[in-house]
Each structure stands twice: as C-alpha cells, then as structure tokens.
Amino acid sequence: MEIYQLLLWIVFPYSVAAVVGMGLIWQLADAPGGNNDNSKSQYVIKAVLRTMLILSALSGFWMMHFSDDSHHLLLWVVSLIQFKPDLNLITNCSIILRAHFIIVFLFLLLLAFTNKVTYIYKPHLYIKSLMAKSD
C-alpha cells in the first residue's frame with residue numbers, strides 16, 4: 001500500500017503541475033484566434049469542470065470550518081513546493097481533506113486540456129467574461 005500512497009501523494013501532484021504548465025505553454029503558443037467550439041464534447045467538458053469546481057469548493061468549505069488538519073495540509077503543500085515531500089503529513093489527515101486535494105488536482109488536470117487554462121494566471125479574464133454574459 002505504500003507504493004500507492006507514494007504515487008498518489010507525491011508523483012500525482014508533480015505530474016499535475018507539469019501537465020498544467022505544459023497546458024499554459026500550449027495555450028500561449030496557440031493564443032491568437034482561440035477555439036470557441038460549442039460542440040457537445042465542449043459542453044460535457046464544461047459540465048464536468050463545473051461539477052469538480054463545486055465539489056472542490058464544498059470540500060474546501062468543510063475543511064476550513066470543520067477540520068483541524070489545516071496546518072498539516074499547509075505543511076504538506078510547503079514540503080511539495082520545497083521538493084521535500086513528507087508523506088506522513090498527508091496520510092495522517094482526514095479523508096475529506098485528502099478527497100479535497102484529489103478533486104483539486106483532477107480539476108486542474110482537466111482544466112489543462114481546455115482553452116480555459118489561461119484563467120489560472122489571468123483570473124480577471126474569467127470575471128470579465130462572466131460580467132459580459134450577465135449584461
């Protein structure tokens with residue numbers, strides 16, 4: 001079981017970061033024009049992304065208000081950023097907290113394959129598009 005935890009809590013986050021980085025580079029290289037395809041597959045992808053975002057927000061809300069593992073989570077993220085991941089920090093956390101991070105990583109992974117990945121580093125574009133739709 002140790003190898004699965006190693007893959008899930010150390011390899012998976014770094015792989016998601018690499019894929020999101022490649023998605024950002026790909027979108028920057030393909031920026032002029034863009035692809036506004038409103039096909040059925042785009043509709044399904046948007047629905048899945050919205051669902052994952054809602055699940056992530058709900059689990060994050062629960063984590064902030066009802067869990068006392070937040071400091072373990074912060075230490076684990078810092079250990080990932082420092083490239084010295086500590087597996088014990090995340091395995092001792094609650095199941096909701098671990099599910100939250102799996103949902104967040106899957107959301108980012110799916111987002112990397114859409115044309116919305118640029119909203120990660122330019123969130124004002126997303127807000128601007130929402131405001132334009134509401135008018």
Over all atoms of both residues, closest heavy-atom pair of Leu49 and Leu110: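 Closest approach of Leu49 to Leu110: CD2-CB, 3.7 Å.
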For residues 96-114, the side-chain hydrogen bond (donor to acceptor under 3.5 Å, both in side chains) pairs (sequence neighbours left out) are Ser59-His100
[X] side, atom [atom1]; [Y] side, atom [atom2] - distance, nearest 0.5 Å:
{"X": "Lys46", "Y": "Leu53", "atom1": "NZ", "atom2": "CG", "answer": "14.0 Å"}
{"X": "Ile102", "Y": "Ile95", "atom1": "CD1", "atom2": "CD1", "answer": "7.0 Å"}
{"X": "Leu75", "Y": "His72", "atom1": "CG", "atom2": "NE2", "answer": "7.5 Å"}
{"X": "Leu108", "Y": "Met52", "atom1": "CG", "atom2": "CE", "answer": "9.0 Å"}

Is [Y] reachable from [X] through a run of I, L, V, M, F, W or Y residues, each pair having side-chain heavy atoms under 4.5 Å apart?
{"X": "Val104", "Y": "Val48", "value": "yes"}
{"X": "Leu8", "Y": "Ile3", "value": "yes"}
{"X": "Phe83", "Y": "Leu73", "value": "yes"}

Residues which pass side chain to side chain donor-acceptor pair (under 3.5 Å) with Ser79, listed by chain and number, not counting sequence neighbours: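 Side chain to side chain donor-acceptor pair (under 3.5 Å) list for Ser79, sorted by chain: empty.
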Taking only residues two or more places apart in sequence, or in another chain, which ones meet Phe101 in a ring-ring contact (aromatic ring centres under 6.0 Å, His included)?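 Partners of Phe101 by the ring-ring contact (aromatic ring centres under 6.0 Å, His included) criterion, ordered by chain and then number, come out as Trp76, Phe105.
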For His65, what residues pass the ring-ring contact (aromatic ring centres under 6.0 Å, His included) criterion, not counting sequence neighbours? Phe61
Taking side chain to side chain contact (heavy atoms under 4.5 Å, CB included) as the test, write out the residues that go with [X], two or more places apart.
{"X": "Leu55", "answer": "Thr51, Ile103"}
{"X": "Asn92", "answer": "Asn88"}
{"X": "Val19", "answer": "Met22, Leu109, Ala112, Phe113"}
{"X": "Ser94", "answer": "Trp62, Ser67, Asp69, Ile96, Leu97"}

Show, in sequence, the C-alpha distance, side-chain angles and deciding distance for Glu2 and Leu87, and conclude whether the side chain to side chain contact (heavy atoms under 4.5 Å, CB included) test is met. CA-CA 10 Å; Glu2 182 72 26; Leu87 194 58; 3.1 Å; yes
Just list the side-chain donor-acceptor pairs under 3.5 Å for residues 10-17, sequence neighbours left out, or say none.
residue, atom, partner, partner atom, Å
Tyr14, OH, Leu80, O, 2.7
Ser15, OG, Val11, O, 2.8

Hey, what else clusters with Leu58 if you join Ile, Leu, Val, Met, Phe, Trp, Tyr whenever side-chain heavy atoms sit under 4.5 Å?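 Same cluster as Leu58: Ile54.
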